Amino acid sequence: MVVKVSVEKVGFHFDLPFLYVVPKNLETKINVGSRVFVPFGKGNAKRSAFVLEFANNCEEKKLKEVIDLADKIVLPLRFLKLAKWMSERYFCSIYEASVACLSCGKTVGTDVFSNLLDLKISCNNNKEKTIFSPAQACTYDKLANWFKDETKKPALLYGVTGSGKTKVYLEIASMALERGENVLFMVPEISLISQASVVFEKRFGKEKIAFFHSGLKPKSRREEWYKVKIGVAKIAIGTRSAVFAPFEKIGLTIIDEEQEPTYKSDSKPRFHAREAANFLCRHDNGKLLLVSATPSVEVFYSAMKGSIFLVKLTQRYGNASFSKPEIIDMRKTHMLSEMLSLRLIEILSENLNNKKKSIFLLDRRGFHTLVRCAFCGNVLICPNCNITLSAHYKKILLENSQIVQNSGKLLCHCCGYSEIIPKICPSCGKNKIRFTGTGTQKLEDEIKKFIPSARCLRVDADTTVSKESYKKMFEDFRNNKYDIMLGTRMVAKGLDFENVNLIGILCADHALYGQYHKSYERAFSLIAQVTGRSGRGESHLKCASLIQTFSPYNNIIELASKQDYDNFFKNEIILRKKLLYPPFSDICLIGFTGTNEQKTEISCKFFCEILKFEAKNSFSELPLRILSPTPAIIKKAFNKFRYKIILKCKNNKIFREFILKSMKTYEKTRKIENFEIASGIKNSVSIFIDINPESLF
């Protein structure tokens with residue numbers, strides 16, 4: 001018996017099915033999807049591999065034998081098909097994609113398996129009649145008809161913040177469960193899992209729900225995996241990795257906040273969960289429901305064209321009202337500190353006096369964001385990355401109950417490098433170290449300085465270390481233990497709190513000026529989403545959104561403050577078309593990383609010449625734009641230098657053949673026309689390919 005396998009540690013451009021003979025003692029144990037060990041290469045190195053298929057009528061004499069089974073887990077056929085599709089679309093090997101499909105990656109003891117079998121599957125589906133507003137009822141009817149229809153077309157539930165989208169998609173999920181189908185619900189951040197779990201457990205019961213996210217410990221991850229595998233769990237809730245929950249098939253997949261960049265993986269395989277979910281839904285004859293108040297431009301464009309079924313929910317639920325936006329010009333207003341205006345403190349004080357809550361967004365963590373020498377001008381930079389170090393402090397409670405800051409540390413927000421804050425400049429030796437810039441930690445202190453009675457809850461990467469951290473923080477805020485929740489973009493999306501009457505966005509400019517075509521989309525979404533956190537519940541007091549900016553007349557800020565997505569989209573889609581950005585093309589980023597900057601740059605330029613050569617001589621009919629090689633936005637990270645090439649293209653079969661041929665030419669040749677590369681340079685540089693990345697590296 002002969003099998004075709006995909007072997008680990010093989011570049012995608014050489015990822016061929018390799019033939020191996022199955023020894024007699026393994027013939028009854030190996031299936032399609034099994035993970036096995038095989039001897040590979042001239043040295044017969046022991047490598048892991050996935051069995052893709054059985055090969056008939058093959059000559060066995062010259063073939064090597066499979067060594068053994070790697071484990072007992074068999075990759076289901078639906079995931080094997082997904083892995084093959086991912087390898088083509090995202091330029092990774094089938095093995096890399098297959099490993100991603102195994103959410104737990106390890107086997108689990110039989111004791112855990114037996115314990116799960118003993119669980120009683122609770123089939124309670126809260127039958128209390130859901131009370132819809134007229135707008136919700138109309139939206140639900142449309143989605144219910146779509147769900148019952150045989151079409152494989154995805155749907156987009158586009159509803160303004162606070163419109164009650166959750167009630168609607170819970171009813172659709174209930175329809176799927178009543179038909180005996182499985183449901184997958186995805187959120188973009190771990191911070192949103194606790195809120196989703198409360199909503200789904202209340203409606204459908206705790207026992208039939210499994211969770212998938214990076215915050216789980218290995219044992220818990222394996223238990224959740226098996227709950228789905230053996231049919232105990234009918235609902236999976238999680239982040240990006242939840243798309244690989246081991247259901248036999250899925251009847252309904254719901255992706256909440258579908259526009260969020262975290263649904264795209266930034267490491268191999270560089271897949272997008274929305275696209276992977278769509279593939280599986282088509283394979284399973286299931287339904288894909290996308291949900292957002294600020295849809296991604298690509299998805300909304302597809303909806304406008306009719307490729308996605310569009311359902312709108314334009315009214316807020318119940319007595320909820322939109323906050324009144326007020327844009328504060330930081331150039332002209334009276335600023336009490338770098339981030340706090342007099343106007344903001346006045347409105348905050350009034351809100352606190354009315355026993356109402358507030359949410360503040362500042363998308364920079366730490367205390368000070370820039371440390372420099374006032375004498376020589378030296379800025380303290382991370383030795384591993386070319387980004388500035390931020391100052392972080394820890395608070396110490398003294399015996400007299402006084403809180404002070406300790407000496408603190410400088411921290412790199414890229415690689416995590418830290419060092420004690422120096423008292424003298426490491427460059428010139430002068431005692432002229434100065435601190436500027438405000439992060440969430442300093443903002444918390446400044447608010448307490450001006451309003452000592454304010455009870456502040458800070459939510460950022462420094463205060464949240466697990467799913468339980470988020471859960472406790474949000475419960476405390478909901479239960480009125482805090483007056484103000486301030487933080488990074490963690491506080492901007494998906495959260496539902498009553499009694500919040502003030503939103504403060506501090507320095508909205510941070511989101512506007514990124515070096516990518518999605519910068520405006522991200523800025524609009526962030527501002528619109530966070531302003532939508534207020535005015536919920538039964539509050540009848542007027543609510544406000546204060547947006548502090550140095551660009552008060554910026555069109556994006558104005559439209560976002562008014563929740564005017566439709567006009568934002570009209571402007572943005574014109575710009576995208578003129579500049580040939582998605583959805584009118586795909587973006588292919590080819591990245592180069594190496595410890596030597598010169599070798600990395602030379603390799604990048606050499607590959608660019610190969611692309612031009614192949615495009616001219618072998619793919620002259622391929623629509624393509626190749627941009628010149630440039631350093632990455634963060635030129636050095638994790639002690640490696642980074643360069644990139646950007647291509648505007650259509651990610652179709654011909655384009656993928658073009659990339660594969662270019663990669664093979666790069667591997668085999670040292671000279672293209674007038675460009676020659678020295679021997680050994682390429683071996684020290686790594687290359688990766690990312691289709692439609694969420695950041696430009």
Side-chain angles (χ1 to χ4, degrees), residues 1-12 14-88 92-114 116-117 218 221-231 241 243-249 268-269 271 276 279-280 283-284:
M1 186 168 72
V2 178
V3 291
K4 292 182 180 180
V5 303
S6 176
V7 184
E8 67 175 330
K9 299 177 183 178
V10 175
F12 72 88
F14 292 119
D15 186 30
L16 304 172
F18 295 93
L19 297 174
Y20 285 88
V21 174
V22 178
K24 295 292 183 182
N25 64 314
L26 294 178
E27 284 186 351
T28 59
K29 299 179 181 179
I30 289 179
N31 298 291
V32 173
S34 293
R35 187 156 54 177
V36 297
F37 289 123
V38 297
F40 189 76
K42 293 181 180 179
N44 287 327
K46 186 178 179 181
R47 298 264 186 101
S48 177
F50 278 97
V51 176
L52 303 179
E53 59 181 286
F54 293 104
N56 299 319
N57 303 320
C58 288
E59 180 63 46
E60 298 184 12
K61 291 182 180 180
K62 296 182 180 180
L63 298 179
K64 299 177 183 179
E65 282 194 351
V66 172
I67 298 172
D68 199 357
L69 275 172
D71 48 47
K72 295 181 180 180
I73 292 178
V74 178
L75 191 67
L77 183 60
R78 66 195 289 266
F79 282 146
L80 197 57
K81 291 180 179 179
L82 175 64
K84 291 177 181 177
W85 174 82
M86 287 171 63
S87 72
E88 294 178 358
C92 63
S93 69
I94 296 177
Y95 183 90
E96 290 168 337
S98 299
V99 169
C101 291
L102 290 177
S103 298
C104 81
K106 294 181 181 179
T107 57
V108 65
T110 55
D111 56 329
V112 174
F113 184 79
S114 300
L116 290 174
L117 285 176
R221 181 183 291 268
R222 294 194 292 270
E223 288 178 351
E224 298 300 290
W225 191 89
Y226 263 114
K227 279 174 69 176
V228 171
K229 182 68 176 176
I230 66 177
S241 63
V243 75
F244 304 122
F247 289 115
E248 289 187 9
K249 62 182 297 187
K268 285 187 177 181
F271 71 97
F279 177 91
L280 290 174
H283 178 272
D284 297 343

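Note that this is a predicted model, so its numbers are computed, not measured. When a residue number appears, it is its place in the shown sequence, counting from 1.
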> Checking side-chain hydrogen bond (donor to acceptor under 3.5 Å, both in side chains) for the pair D15/S6: CA distance, chi angles, key distance, verdict?
Replying inline: CA-CA 7 Å; D15 186 30; S6 176; 3.3 Å; yes
>> What verdict does the side chain to side chain contact (heavy atoms under 4.5 Å, CB included) test give for D284 and F279, after you've listed the backbone C-alpha separation in whole Å, the side-chain angles of each residue and the deciding distance to 0.1 Å?
In response: CA-CA 9 Å; D284 297 343; F279 177 91; over 6 Å; no
> When you look at Y95 and S87, which way does the side-chain hydrogen bond (donor to acceptor under 3.5 Å, both in side chains) test go after all the steps?
Replying inline: CA-CA 9 Å; Y95 183 90; S87 72; over 6 Å; no
>> Evaluate L26 against K29 for side chain to side chain contact (heavy atoms under 4.5 Å, CB included), listing each step before the verdict.
In response: CA-CA 5 Å; L26 294 178; K29 299 179 181 179; 4.2 Å; yes
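Closest of all the heavy-atom pairs between G33 and L80 is N-CD2, 4.3 Å. Smallest separation of non-hydrogen atoms from R35 and V99: NH1-CG2, 4.3 Å. Closest of all the heavy-atom pairs between R78 and A245 is NH1-O, 4.0 Å. What you find for P39 and K64 is that their closest heavy atoms are O-CD, 3.8 Å.
Expressed to the nearest 0.5 Å, how far CG of N31 lies from CZ of F54 amounts to 6.0 Å. Expressed to the nearest 0.5 Å, how far NZ of K9 lies from CZ of F40 amounts to 11.5 Å. Between K81 atom NZ and L280 atom CG the span is 11.0 Å, to the nearest 0.5 Å. Note that NZ of K227 and CD of E224 are 4.5 Å apart. Values are rounded to the nearest 0.5 Å. Taking NZ of K4 as the reference point, atom CD of E53 lies at 4.5 Å (rounded to 0.5 Å).
Aromatic rings of F244 and F271 (six-membered ring for Trp) have centroids within the 6.0 Å cut-off, being under it.
In this structure the side chain of L52 reaches within 4.5 angstrom of the side chain of I94, judged on heavy atoms. Counting only heavy atoms from C-beta outward, the side chains of L102 and L75 approach each other to under 4.5 Å. Taking 4.5 Å as the limit, some side-chain heavy atom of V36 sits within range of a side-chain heavy atom of V38. Side-chain contact between K229 and P76: present, with at least one pair of heavy atoms (C-beta onward) separated by less than 4.5 Å. Contact of the L19 side chain with the V3 side chain is not registered, since no non-hydrogen atoms from C-beta on lie closer than 4.5 Å. Side-chain contact between F50 and V32 is absent, with no heavy-atom pair separated by less than 4.5 Å. Side-chain contact between Y20 and V51: absent, with no pair of heavy atoms (C-beta onward) separated by less than 4.5 Å. Within the 4.5 Å cutoff, side-chain heavy atoms of L82 are placed close to those of C101.
E8 has no carboxylate O lying under 4.0 Å from a charged side-chain N of R47, or vice versa, which leaves the two without a salt bridge.
In this structure, the side chain of S34 does not engage the main chain of I30 through any donor-acceptor pair within 3.5 Å. E88 contributes no side-chain N or O that, together with a main-chain N or O of W85, makes up a donor-acceptor pair within less than 3.5 Å.
Under a cutoff of 6.0 Å and an axis angle of 45°, K46 and F37 form a cation-pi pair.
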